[in-house]
Structure formats: C-alpha cells, structure tokens
*Asks:* 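Okay, here's the structure, questions in a sec.
Proteins come first, then strands; the chains are lettered A, B, ... in the order of their sequence lines, and each starts at number 1. These figures come from a predicted structure and were not determined experimentally.
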2 protein chains.
Amino acid sequence: MPRTYEYPRPALTVDAVVFGLDGGELKVLLIERGLEPFKGQWALPGGFVQEGETLDRAVSRELAEEAGVQGVFMEQLYTFGAVDRDPRERVVSVAYYALVNLADHTTRASTDAVDARWFPAATPPPLAFDHADILQMALDRLRGKVRWQPVGFELLPEKFTLTQLQQLYESVLGTSLDKRNFRKKVLGFDFLVPLDETRRDGPHRPAQLFRFDHGRYTSLQRKGFHFEL
Amino acid sequence: MPRTYEYPRPALTVDAVVFGLDGGELKVLLIERGLEPFKGQWALPGGFVQEGETLDRAVSRELAEEAGVQGVFMEQLYTFGAVDRDPRERVVSVAYYALVNLADHTTRASTDAVDARWFPAATPPPLAFDHADILQMALDRLRGKVRWQPVGFELLPEKFTLTQLQQLYESVLGTSLDKRNFRKKVLGFDFLVPLDETRRDGPHRPAQLFRFDHGRYTSLQRKGFHFEL
DNA sequence: ATAATTAGTGTTTTTTTTACACTTTGTCAA
DNA sequence: TTGACAAAGTGTAAAAAAAACACTAATTAT
C-alpha cells in the first residue's frame, strides 16, 4: 500500500495486563523478556500490531501466543505515548486489560519458550519499560469498574460460592465487606442463579454454588436495571 | 533514528471531541474538511502525531492550530484501530475529549483558514471517518464521568450561578433535577465558594455567583472526600 | 461424640434520597 | 408608583438504602 500520508510513523504495539484471582489474591500475568532491552526482566505480554489487524485482534493474538490465554474478557485501557518509553526508538503502545479465570489458565501460562508467571498484582517485581505505570492504571481501572459493571465474575470459575464472590470484591477493592449485607444485596440480583450443587471443601458446611447468567444480565440491563455493588 | 523494529507502521493521528455548553445545550466543535477524503464534510479536529511529540502534546497543538483552543481540560478517550477507518490507508487514531468554557472560545473557533463551528452534540451533522462513533463514545464517557468527578465545571465560566450548574448537569445527563435537592447537595461541597457578587440577567431576582476552588477540591480529595452528584 | 471450620440467616438504626410549594427580589411597563 | 412577570431562593417529612451487628447449621476429622 502506498504511503499516502508523509508523517513520522512511531512503531505501534499492544500490551495486556492480565488479571487472575488466586485464592483471595489478585495476580498479574508477566513474561520474562528473552531479548534486549530489559532482557531477563519481567514485562507485560504484548507485541507489534500486524498489517491489517485491529488492535483488539492484536492483543488476542499476543495473549494466545505468549500466554496461551484465549477467549477472555478484555477491554482497552489507555494508550501510552511518552517519547522515550522504549530506549531504542519511539514506540506507542495501546494497553488493554483482561480478566481470566486463573484456574483455567494457570497451567497453560507457559508457552512459546518464554517463561510466563503469575505475580501478586499489588507487589509485582520490577517491570520493563513503563509497564509499572500501565499495571497501576489497570488496577485503578479495575477497581473503578468492578462496582458498576459485573466484570468481576470473569475472574471466577463458572460455578462459584458467595464467599468466593465476596473475597473477590474484597481483594479487588481492598476493603472488607459485611457478609450479611453483601449476600443480601447480591441475592437480590436475578442474574445470579443458584445451582443444585454445593462445594464440599474441607471439614465444614458445604457452600451452595452459583452461576452468573450473562443473558439474563443483559436483558435486565436493557430494561433499565443497573448493577451496583 | 534507525528503524529497530521491522513491522508495519500504521499512520498515527489524534482527534479531539471538544465539548462546550451554550445556554442549556451541549455542543461539539467541528471542522469542515478542506481536503479529500470527505472533503466538505464535518469532522473532529485532529491530525498527525509529530516526531518527538507526546500524544497529549499533539492534541494540544492541533486544537490550538485548528480551533484556537488552548489550556483547557483534556483527557484521553480511546484509541480507534479499525483497519478501514481511513479509505486510503491504515490510520490509527488516539481520541481525546476536551471541555471548554464556550464563552471564551466561541469567537476564536475559526482560525487557520478552516471553518470551525459548534454543533449540538446530540444531533451533529454527518461526520467524516468514524468520527460519529468517537463522538458517541465521548458523550458516554462524559455522562459517566461527570457525576463522579467535578469535571463539569470546566464547561462553565469561572463565575457561575447554581442554576447554570444545574442546567449543565441536566443537559449532560439528560435528566431533570429537583432544584432544592440539587442546591442542598451542592452547597454542602466546600469547594464551591460563594462570591460577593450577583448576576443580573433579565427582569427577575439576581442570582448569586459561585466559583469552583480547584485547590480546595484536591485537598479535600486527599483527605478521602469523594465527589458525587 | 465433640471440636473445628466455614455457611448461612434478620432486625434495628442510621444515613441518604426523594417529593413537594411558597416567598423573595429584581425589572419592566402601564 | 404600583402591579405583573420571572427566576432565585428556601425546609420538612416520608421513603429508601446502607450499615451495624451475633448466633445457628452443616460438614469433617479426631
């Protein structure tokens, strides 16, 4: 294709902040860099946008390639354009964040000969480039969003207990919530459907399992309902 | 500078959705295109990111050049990367939105030999490229943001009446608000300082003027206060 | 059987939000 | 000068939402 516009063209990359929930703790998926610059340091998964590829597709591809992560919730976060973010030349990066059910992805994390590992999102190792800024912004965004949109469920397995759900909110928001008030509110949501199943897990009373019904949620939403937690 | 990375390089632009408030109505600033493609159609102000220029700076520059708009509130919105957004070649655009006090900018809007005009944000003319999508997203973002962060004040003159403030919220949110409840809440905010001045404006009782104290707001915010309307 | 551990459950108080109508202060015109 | 007009300004009561709070139930391991 001819270069119609004669202007400087910064390289364009995408980076992804992939969050997972391990027990009560929020984690991020990081990749060990095999090449300079920042060789040996940890970084967010990401890479160059290819010819004819939308930004969303670029992120999906990179996540599949570098981390074996596929078909997960993903949303654009922010575009980072500081002139010296990459020590070699100008690289503008469109950052995304993704929420995955860690149980499904923990084993497949390592692919592509690179080392990929989960780290505590709040206390990551030193990161390459401006990835610490990106991570911080993703954390802020997640915290801001989780209360107004039911995205948190993306971090849980399909079937989950109310205690798991509460722990999720507690760890993302960094607060502690009252169990009774939490359950009262959450059980008022029609899109949380109780299953005829329980989770036996240690020497104590088994917990009822629930499922998040996406379809019902969107239909309620169209009727003017709006989620808040 | 050597091209260290050998990858396709889409052209990179910035676009800005500039909102202003005219009477009770929310407006957008549009520019008539002088060149193909979409010659003669209305479009968002914007242009190419220059060598060594951050994204924020690029938007500021374009706004100053194309619309005489300077020193206003501005925030990154989203990055649009559809492959065919520009009919000629791939162009990725980082969109921003800005809030201006329309009274200060209405006259200077036309500069640079291009025609720049304010249009109702809710019912704009047909727009070039995917600018209608960008505008829609900016509207959604503004609506979402205005209740949690005191950004609305950016749309008002420095001194304003509570009725103006209420109208601002009514037109951005598209609802009507109860006067007494609105004033009760708003007057509880320490960062709204009443002036020893009134605004006489037609055959009726003059209204007291107020000012938004940015400094006080940020200091309150640090003490854990959080704005909500 | 009992000790240990997490699941599960309601009520009261406090706070926040909503609904609602008249008086005040100025201008303009008769 | 006075009366009509128009927007500014003001408080209370009812309803809804949020917060505080502690015990019983079900299971497993010893």
*Asks:* When the distance from CZ of B/Arg183 to P of C/dA19 is rounded to whole Å, what number comes out?
*Replies:*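 Distance check: B/Arg183 CZ to C/dA19 P gives 19 Å.
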*Asks:* Just call it for A/Asp201: base, sugar-phosphate, or nothing, with non-hydrogen atoms closer than 4.0 Å on any strand.
*Replies:*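 Touches nothing.
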*Asks:* Rounded to whole angstroms, how far apart are CZ on A/Phe210 and C1' on C/dG8?
*Replies:*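 In whole Å, C/dG8 C1' and A/Phe210 CZ are 10 Å from each other.
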*Asks:* What's the closest nucleotide to the side chain of B/Arg180 if the choices are D/dA26, D/dA7, C/dC20?
*Replies:*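 Among D/dA26, D/dA7, C/dC20, the one nearest the side chain of B/Arg180 is C/dC20.
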*Asks:* Is the shortest side-chain N to carboxylate O distance from B/Arg216 to B/Asp190 below 4.0 Å?
*Replies:*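 Looking at B/Arg216 and B/Asp190, the cut-off is not met.
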*Asks:* May I ask you to verify whether the side chain of B/Arg199 and the base of D/dA8 hold a donor-acceptor pair under 3.5 Å?
*Replies:*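 Per atom types, no contact qualifies.
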*Asks:* What about A/Lys179, does its side chain sit under 3.5 Å from the base of C/dT6 through a donor-acceptor pair?
*Replies:*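 Under the 3.5 Å cut-off, the side chain and the base do not form any donor-acceptor pair.
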*Asks:* Between B/Phe160 and B/Phe212, does the ring centre distance come in under 6.0 Å?
*Replies:*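 Centroid separation for B/Phe160 and B/Phe212: 6.0 Å or greater.
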*Asks:* Have a look at A/Thr163 and say if it touches a base, only the backbone sugar-phosphate, or nothing, with a 4.0 Å heavy-atom cut-off.
*Replies:*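 Contact class for A/Thr163: sugar-phosphate only.
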*Asks:* What nucleotide among C/dC20, C/dT9, C/dG10 has an atom nearest to a side-chain atom of B/Asn181?
*Replies:*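 Of the options given, the side chain of B/Asn181 lies nearest C/dC20.
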*Asks:* Quick one: which of A/Arg183, A/Lys184, A/Lys185 gives a side-chain hydrogen bond (donor to acceptor under 3.5 Å, both in side chains) with A/Asn181?
*Replies:*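 Passing option: A/Lys184.
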*Asks:* Of B/Gln208 and A/His204, whose closest DNA chain D nucleotide lies nearer the 5' terminus?
*Replies:*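 The 5'-side residue here is B/Gln208.
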*Asks:* Assess whether one donor atom and one acceptor atom, taken from the side chain of B/Arg205 and the base of C/dT24, lie less than 3.5 Å apart.
*Replies:*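 Indeed, a donor on one side and an acceptor on the other fall under 3.5 Å apart.
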*Asks:* Using the side-chain heavy atoms of B/Glu228, tell me which of these nucleotides is nearest: C/dT17, C/dG26, D/dA8.
*Replies:*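 The closest nucleotide is C/dT17.
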*Asks:* Whole-Å distance between C/dA19 C1' and B/Leu177 CG?
*Replies:*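 Distance, rounded to whole Å: 14 Å.
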*Asks:* Figure out the CG/P separation between A/Leu165 and C/dA7, and round it to whole Å.
*Replies:*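 Rounded to the whole Å, the gap is 13 Å.
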*Asks:* Using the ring centroid of each side chain, check whether A/Phe225 and A/Phe227 are separated by less than 6.0 Å.
*Replies:*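 Distance test on ring centres: not under 6.0 Å, no.
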*Asks:* From the set D/dT28, C/dG8, C/dT11, return the single nucleotide nearest to any side-chain atom of A/Lys184.
*Replies:*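 Closest nucleotide to the A/Lys184 side chain: C/dT11.
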